[in-house]
Colleague: 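Just dropping this structure here.
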Amino acid sequence: MSGAQEEPTHPPEDELVRNRRENLRRIVESGCDTHLYKYPLSATISGVVAEHGGSSSEDLQRDTPVISTAGRVLAQRNQGKAGFLDLSDGRARLQVYVRRDVVGEPAFELYRRLDLGDWVGVEGEVFRTKTGELSVKARTLTFLAKCLRPLPEKWHGLKDVELRYRQRYLDLAVNPESRAVFETRAAIVRAIRRFLDARGYLEVETPMMHSIAGGALARPFKTHHNALDLELYLRVAPELYLKRLVVGGIEKVYEINRNFRNEGISTQHNPEFTMLEFYQAYAEGADLMRLTEEMLAEVVSEVAGNLKTPWKEGTIDWTPPYHRRTMRVAVSEATRSDGRGEVTREEMASADGLMAAAVRFGVDRPERFRGQKGKLLAALFETVAEAGLVQPTFLYEFPTEISPLSRRSASDPEFADRFELYIAGMEIANGFSELNDPEDQAERFRTQAQDRAQGNLEAAEYDADYVEALEYGLPPTAGEGIGIDRLTMLLTDRHSIRDVILFPLLRPR
RNA sequence: GCCGGCGUAGCUCAGCUUGGUUAGAGCAGCGGUCUUUUAAACCGAUGGUCCAGGGUUCGAAUCCCUGCGCCGGCACCA
């Protein structure tokens, strides 16, 4: 052990690393250039597999393709004066057949000194071995980079979830299904952009650093700007800036970007997460429900090739139209055949009735919400109905009390023209007709400010600058946010948000 | 934040219930045989801070306590 010279945070060199350094030394000694700047590829490994994967041995003999490609060595099977490498580009694997009498002694010495994880380039003929494996018969083998540390095991891969998150590069190197998750994630974002761009939405970027953290009820992260000596917050939502842009006349606008919320971490929550938010002038909530169905159907069929996708033991059917339930109907339905007795519409009409129902169905600490009908109803919904909404379901008629930025419903001001989309028991989207009355908005901010003064750190601060923007006139507008991480979870059948975020937040080691 | 589970070789895992030689296996690595193998095969020799610290005991990977990390659930939230 080399001990004292090592940086304390760096794992010490053990015998396995020494062996690999020795192999590198021998490669250098054999005259191999270990500092190449580039390597010319005629195709990637997955490209070669895609192009020739369907070709028979006879096809390849008749018209022998010669290719050059490169990747990471993931397996080596020696046969004395010949041998096989499995090369990976993270998406596909390709076998390389190396014969000493073909590549010559110097290159074969390189072959002998390769370790799993090394990067090499290969140039040669595509053929099939007698067991039918698509392979490249190396004419030349080129060293590209050394892997000085041992890679996780070839057969079981890397399973330790902590290592998969902390050292995602290892996960990606050996677990192709992990790479596929992030390919899918990118395809989802691409499909959403294409959908919105085609309909005339303008993609924008608004500030991540806010002097007032608004647009959602959440605790923000604090930071500080030195030159301006300014306390700033990482944004919890882009909402108020996007609506300022609608005031400015951008009738259709969207942003796909990160939000930051200083709250708990769970399988569905990461402190930074990605949201699509979009706004459309002259539209109401119901228009966005229809648009959302259309968008998700298009995104899903593009990404999955099918409108039915697997989720846990079952299937999610993304075929529109989606179910639609008011929050109160969802609560009634969920409690209808429950021995504790259905929560009726009459019960939900009064704070006392809601409190009784909350107690009856075991809402956690219901006294927190005493006298607050909206919060009681929402808590009741979350307790009895949320987890049961597996197939895509729009929930609508939200209490105005918990919707400080939404417009009141025309028929009943106690409720807002707001909806949320639930899939697999998770909230995927949240949309509403935007409050565009500056007086009402000012009043809602005042209510939130009171709430905040009473210690609710999630309540909003009064945003005078935003109220001023509304005074210049926000046309009737509907807006919506869709959680990209959760959508990715659904389409990859991953049950933790950390599996769809490349580097989820963990405590530093 | 609370409750529960887990932490053994580079990786994947046994062993812990019921304390008892020097802690095991597979893969990887090392030395050898092998020119169409594919979890290649075969022969040989290796590799350990049993998460950390403390306690109980003649004796602790194993039992107890504390701490750290991760996972799951709850709370908060999207």
Side-chain angles (χ1 to χ4, degrees), chain A residues 1 11-20 22-23 57 74-86 93-103 108 111 115-117 127-135 137 147-167 170 174-175 215-219 236-237 259-275 277 363-365 368 378-379 382-383 386 402 420-422 426-430 456-458 481-487 489 495-498 504 506-509:
Chain A
M1 295 292 158
E13 284 203 6
D14 63 5
E15 188 193 349
L16 298 174
V17 175
R18 282 201 306 277
N19 289 339
R20 284 165 178 255
E22 174 63 13
N23 280 333
S57 187
L74 287 189
Q76 187 170 22
R77 295 176 290 280
N78 299 323
Q79 296 270 319
K81 298 180 188 65
F84 299 89
L85 297 172
D86 285 352
R93 278 188 181 215
L94 181 62
Q95 176 169 271
V96 177
Y97 182 41
V98 184
R99 293 173 61 114
R100 190 173 70 168
D101 61 3
V102 175
V103 299
F108 200 69
Y111 168 83
D115 288 299
L116 299 189
F127 76 110
R128 281 191 189 278
T129 62
K130 66 184 182 192
T131 53
E133 176 86 9
L134 188 72
S135 307
K137 187 179 289 176
C147 177
L148 288 173
R149 293 185 177 277
L151 232 44
E153 202 228 1
K154 62 179 176 182
W155 181 245
H156 298 92
L158 182 62
K159 288 196 169 165
D160 184 312
V161 287
E162 187 174 352
L163 287 184
R164 289 206 302 116
Y165 300 151
R166 286 192 195 276
Q167 293 179 280
L170 295 180
V174 303
N175 295 332
L217 308 182
R219 297 181 65 172
V236 296
N259 291 341
F260 307 86
R261 299 190 184 173
N262 202 343
E263 282 163 358
I265 294 177
S266 78
T267 50
Q268 291 175 43
H269 302 85
N270 193 62
E272 51 181 307
F273 62 103
T274 302
M275 282 258 284
E277 278 204 18
V363 169
D364 184 58
R365 294 172 289 142
R368 288 178 294 171
E382 280 161 25
T383 304
E386 184 174 23
I402 58 166
E420 287 185 346
L421 176 62
Y422 283 84
M426 284 193 288
E427 183 190 332
I428 297 302
N430 175 19
N456 182 356
L457 295 172
E458 280 119 45
I482 295 181
I484 300 298
D485 314 273
R486 290 182 180 179
L487 186 57
M489 287 169 66
H495 311 141
S496 169
I497 200 168
R498 291 177 214 107
L506 299 180
R507 261 200 177 78
R509 251 279 140 83

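By convention in this document, chain letters (A, B, ...) are assigned in the order of the sequence lines, proteins followed by strands, and residues within each chain are numbered from 1.
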Colleague: To the nearest 0.5 Å, what is the distance between CD1 (A:Ile482) and OG1 (A:Thr274)?
Modeller: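 A:Ile482 atom CD1 to A:Thr274 atom OG1 measures 13.5 Å (nearest 0.5 Å).
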
Colleague: Between A:Glu15 (CD) and B:G48 (P), how many Å, whole number?
Modeller: 8 Å

Colleague: Between B:A39 atom P and A:Gln76 atom CD, what is the distance in whole Å?
Modeller: 16 Å

Colleague: Could you state the NZ-P distance from A:Lys159 to B:C71, rounded to the nearest angstrom?
Modeller: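 So the NZ-P distance, A:Lys159 to B:C71, works out to 18 Å.
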
Colleague: Considering only the C1' atoms, how many Å lie between B:A9 and B:A61, rounded to the nearest integer?
Modeller: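 Straight-line distance between the two C1' atoms is 14 Å.
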
Colleague: Which nucleotide sits closest to the side chain of A:Ile497: B:G29, B:G69, B:A78?
Modeller: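 Among B:G29, B:G69, B:A78, the one nearest the side chain of A:Ile497 is B:A78.
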
Colleague: Expressed in angstrom and rounded to an integer, what is the separation of A:Arg507 atom CZ from B:A52 atom C1'?
Modeller: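 These atoms are roughly 16 Å apart.
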
Colleague: Taking CG from A:Leu74 and P from B:G29, how many angstroms apart are they, rounded to a whole number?
Modeller: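 Value for this atom pair: 12 Å.
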
Colleague: Across nucleotides 32-37 of chain B, 5' to 3', mark each nucleotide with B, S or - according to how protein heavy atoms within less than 4.0 Å reach it.
Modeller: --BBBB

Colleague: Should B:G20 form a Watson-Crick or G-U wobble pair with both distances under 3.5 Å, which nucleotide is its partner?
Modeller: B:C58

Colleague: Just checking A:Leu163: base, sugar-phosphate only, or nothing, at a heavy-atom cut-off of under 4.0 Å?
Modeller: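 Sugar-phosphate, no base atom in range.
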
Colleague: To the closest 0.5 Å, what do you measure between CD (A:Gln76) and CG (A:Leu85)?
Modeller: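 With rounding to 0.5 Å, CD (A:Gln76) is 5.5 Å from CG (A:Leu85).
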
Colleague: Contact class for A:Glu153 vs. all strands (heavy atom < 4.0 Å): base, sugar-phosphate, or nothing?
Modeller: base

Colleague: Does any nucleotide pair with B:G72 by Watson-Crick or G-U wobble geometry, both distances under 3.5 Å, and what is it?
Modeller: B:C3

Colleague: Searching all strands shown, indicate the nucleotide that pairs with B:G48 (Watson-Crick or G-U wobble; both distances under 3.5 Å).
Modeller: none

Colleague: What integer number of Å spans the C1' atoms of B:C43 and B:G54?
Modeller: 47 Å

Colleague: Could you check whether A:Asn262 gets within reach of a base, just the sugar-phosphate, or nothing at all, counting any heavy atom under 4.0 Å?
Modeller: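 The answer is nothing, as A:Asn262 stays clear of every strand by at least 4.0 Å.
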
Colleague: Using the P atoms only, state how far B:C65 lies from B:U56, rounded to an integer number of Å.
Modeller: 15 Å

Colleague: Send over the distance from A:Tyr165 OH to B:G7 P, rounded to a whole Å.
Modeller: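 The answer, rounded to whole Å, is 18 Å.
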
Colleague: Parallel, tilted or perpendicular, judged at 30° and 60°: which one describes the rings of A:Tyr97 and A:Phe127?
Modeller: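 Rings of A:Tyr97 and A:Phe127: tilted, as their planes differ by 30° to 60°.
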
Colleague: Around atom CZ of A:Arg166, are there more than 12 heavy atoms from other residues, nucleotides or ligands closer than 6.0 Å?
Modeller: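 For A:Arg166, atom CZ is crowded (more than 12 foreign heavy atoms under 6.0 Å).
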
Colleague: With sugar-phosphate meaning primed atoms plus P, OP1 and OP2, does A:Ile428 contact a base, only sugar-phosphate, or nothing at under 4.0 Å between heavy atoms?
Modeller: nothing

Colleague: Name the closest nucleotide to the A:Leu158 side chain, picking from B:C71, B:G69, B:C11.
Modeller: B:C11

Colleague: Here's a test for you: under side chain to side chain contact (heavy atoms under 4.5 Å, CB included), which of A:Val174, A:Leu158, A:Asp115 qualifies with A:Leu151?
Modeller: A:Val174

Colleague: Got A:His495 and A:Thr267 here, is their nearest side-chain heavy-atom distance under 4.5 Å?
Modeller: no

Colleague: Identify the pairs formed between an N or O of the protein and an N or O of nucleotides 73-76 of chain B at a distance under 3.5 Å, and give each distance.
Modeller:
residue : atom : partner  : partner atom : Å
B:A75   : O3'  : A:Arg365 : NH2          : 3.2
B:A75   : O2'  : A:Arg365 : NH2          : 3.1
B:C76   : OP1  : A:Arg368 : NH1          : 2.3
B:C76   : OP1  : A:Arg368 : NH2          : 2.8
B:C76   : O2   : A:Gly264 : N            : 3.4

Colleague: Quick one: is B:G72 close enough that its OP1 or OP2 comes under 4.0 Å of any side-chain N or O from A:Arg498?
Modeller: yes

Colleague: Take the protein atom CZ of A:Arg20 and the nucleotide atom P of B:C11, then report the distance between them rounded to whole Å.
Modeller: 13 Å

Colleague: Give the rounded distance in Å between these two atoms: CZ of A:Arg18 and C1' of B:C30.
Modeller: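 So the two atoms are 12 Å apart, to the nearest Å.
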
